[in-house]
Amino acid sequence: MPAPRSAPGPDTAREVIGWAVFSCVLVPVVLLWCGTAPVTVVGAALGLAGVTLACRTLLRRSVREAARGGADHTGASTPVD
C-alpha cells in the first residue's frame, strides 16, 4: 500500500513563485541575446510578469483555502452532462 501524499505547503508555493520570477528575468535576457527588438522584449516581460502575478495570487489563495480545510461544498450543486 503506497504512503499517503501530503498536500503541498507554503514552502512549495514559494519555490514555484521563485522559479516563475527567475523565468521572468531569464526570458527577456535570452530574447535580447537572440537579437529580438527591445520593444518586443519589454512586451514579453510585462506579459510574463502579469501571468506570474495572477498565478501567484491564485496559488496563495489556494494555499490559504487548503490551510483552512477547504471550502464548504455542502450546498453546491454541480451540473451533470
Side-chain angles (χ1 to χ4, degrees):
M1 178 189 249
R5 295 188 320 178
S6 63
D11 293 335
T12 304
R14 186 171 290 133
E15 186 176 328
V16 169
I17 297 302
W19 279 107
V21 170
F22 172 74
S23 297
C24 285
V25 173
L26 181 65
V27 169
V29 169
V30 170
L31 287 173
L32 283 172
W33 184 62
C34 290
T36 305
V39 173
T40 304
V41 172
V42 169
L46 289 175
L48 283 171
V51 169
T52 300
L53 181 61
C55 290
R56 176 184 177 266
T57 303
L58 292 172
L59 184 59
R60 300 278 175 163
R61 184 180 298 168
S62 174
V63 168
R64 272 197 312 263
E65 284 292 323
R68 286 191 328 181
D72 181 23
H73 296 291
T74 56
S77 63
T78 305
V80 179
D81 290 335

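Quick caveat, the model's predicted, so the values are computed rather than measured.
Between the side chain of S62 and the backbone N or O of L58, no donor-acceptor pair lies under 3.5 Å.
With rounding to the nearest 0.5 angstrom, the CZ atom of R60 is 15.0 Å from the CD atom of E65. Here T52 contributes atom OG1 and F22 contributes atom CZ; the two are 13.0 Å apart, rounded to the nearest 0.5 Å. Interatomic distance, CG of L48 versus CG of L53, reported as 12.5 Å (0.5 Å rounding).
Residues V51 and W19 do not share a hydrophobic cluster, clusters being chains of Ile/Leu/Val/Met/Phe/Trp/Tyr side chains in contact below 4.5 Å. One hydrophobic cluster, built from ILVMFWY side chains closer than 4.5 Å, holds both V21 and V16.
When the options L32, L31, V30 are evaluated for a side-chain contact (heavy atoms from CB on, under 4.5 Å) with C34, the one that passes is V30.
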